Every structure is written in structure tokens, then in C-alpha cells.
Amino acid sequence: MILPLIFLLLGVGGGVGAGLILTPKLDEVAVDPCGDTSEEPFDVTHEKMETTESAPLDEREYARMNNQFVVPIVVGERVTALIVMSLSIEVETGGQEAVFSHEPRLRDAFLQVMFDHANIGGFAGAFTSSSNMRLLREALQGAADDVMQGHITDVLIVDIVRQDVTN
């Protein structure tokens, strides 16, 4: 009865550990493959950016959240499944450092959105349907805007897996 739960936790822990080991370090990642050396600091104290005007694709960069998000699905008083998600944050060029410096607050806000989504049944059944994913993305973007005052242009769900827990 408890053995499957132990195996599940070991599997998730192993996956997280492998992800941490295999993820390149920030100083190993080429921030700008074009060789542009202009580095303007990103200041999150600016006014909220207009979301109707988005930056051209070549003026964006992506900050991958360092760890996966694990969300339990609780039915009654039992955990029936686990959702494991990886997110990347799209920002204008030069904004990666601000994302990483605010990562604890972003993770907290994202987890709250994911828990709320799980509690309303968003991860039940066909949880990857376009309407469910749109709701989740919009909620994650709203949480990101609250934390970063609009400097994040998009929140991308890179990976999502549901693992049902058998009793």
C-alpha cells in the first residue's frame, strides 16, 4: 500500500535530480548567440509595459525556471495523482536576470495558481485540452504580471506530465 507511493516519490526525486544535474549552468549558456555585447540592466521599477505592443521575436529571450513544479491532485483526503510541470519565462532582451532574481516570488505565485487550478478540477480528465491550457496560461501570466509589474511577455508551459497514484 505504501510501496507505490515510495516508488513514485523516488521516481519524481530522481527526475528532479537528473534535471538539476543535466541543466546547464547560467554562465555556460550563451545569452546572445549573435555576439551583441550591449548589456543594459533590466529595472523592474519601470511602469507596467503595454501588453498590446509586443516586442519582435528577435528582441526576446527566455528564462527557464530552475526546478519543475510538482502539484498533487487531491480527491477526498487522498493524493490521486501528481502533475509535474516545467515553465519558461519570455522577457524582452536583458530581462533574464530580473526573472532569476525574483524567482522565489514567481515560483510561489505560480504554485498558488497551479494549486487553484488543481482544486477546481483543471487537471482532471482531458487536462491538456485547449480550453484548460488557455485558462492555466492566462492565470500564470496574470501571476507573473503581479510579481514583475508587466515585464514578462509570456509564460510558456514547456513540459507537463500527470502521474496517477495507485493505491
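These numbers were taken from a predicted model, which means no experiment stands behind them. Residue numbers start at 1 and run along the sequence shown.
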Verdict with supporting geometry, Gln112 and Asp108, side-chain hydrogen bond (donor to acceptor under 3.5 Å, both in side chains):
CA-CA 6 Å; Gln112 187 59 58; Asp108 178 64; over 6 Å; no
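- Once rounded to the nearest 0.5 Å, the distance linking CE of Met85 with CG of Leu87 reads 5.0 Å.
- Residues Val99 and Leu106 have side chains in contact (heavy-atom distance under 4.5 Å, counting atoms from C-beta outward).
- With hydrogens and angles ignored, the 3.5 Å screen pairs a side-chain donor or acceptor of His102 with a backbone N or O of Ala98.
- Gln96 contributes atom CD, which lies 11.0 Å from atom CD1 of Ile89 (distance to the nearest 0.5 angstrom).
- Of the possible donor and acceptor atoms, none in the side chain of Glu90 sits under 3.5 Å from a partner among the backbone N and O of Ala63.
- Among all heavy-atom pairs drawn from Leu82 and Pro72, the shortest one is CD2-CA, 3.7 Å.
- What you find for Val71 and Ala118 is that their closest heavy atoms are CG1-CB, 3.9 Å.
- Between the CE atom in Met133 and the NE2 atom in His117 there is a gap of 7.5 Å [rounded to 0.5 Å].
- Taking 4.0 Å as the cut-off between side-chain N and carboxylate O, Arg64 and Asp159 count as a salt-bridged pair.
- When hydrophobic clusters are built by joining Ile, Leu, Val, Met, Phe, Trp and Tyr residues whose side-chain heavy atoms come closer than 4.5 Å, directly or via intermediates, Val79 is grouped together with Val84.
- Residues Asp145 and Gln141 have side chains that bring a donor and an acceptor to within less than 3.5 angstrom of each other.
- Put simply, the side chain of His151 does not reach to within 4.5 Å of the side chain of Glu92, judged on heavy atoms.
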Practice task
Step by step, work out the side-chain contact (heavy atoms from CB on, under 4.5 Å) result for Leu136 and Val113.
Solution key: CA-CA 8 Å; Leu136 181 57; Val113 166; 4.1 Å; yes
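- In terms of modelled atom types and a separation under 3.5 Å, the side chain of Ser88 and the main chain of Leu156 share no donor-acceptor contact.
- A pairwise comparison of heavy atoms in Asn132 and Gly122 identifies ND2-O, 3.4 Å as the closest pair.
- Taking the centre and axis of the six-membered ring of Phe123, the NZ or CZ atom of Arg162 falls outside the cone set by 45° and 6.0 Å.
- Here CZ of Phe69 is found 10.5 Å from CD1 of Ile157. Values are rounded to the nearest 0.5 Å.
- Here CZ of Phe115 is found 12.0 Å from CD1 of Ile83. Values are rounded to the nearest 0.5 Å.
- In this structure, the side chain of Glu61 does not engage the main chain of Val91 through any donor-acceptor pair within 3.5 Å.
- Atom CE in Met114 sits 13.5 Å away from atom CG in Asn119 (nearest 0.5 Å).
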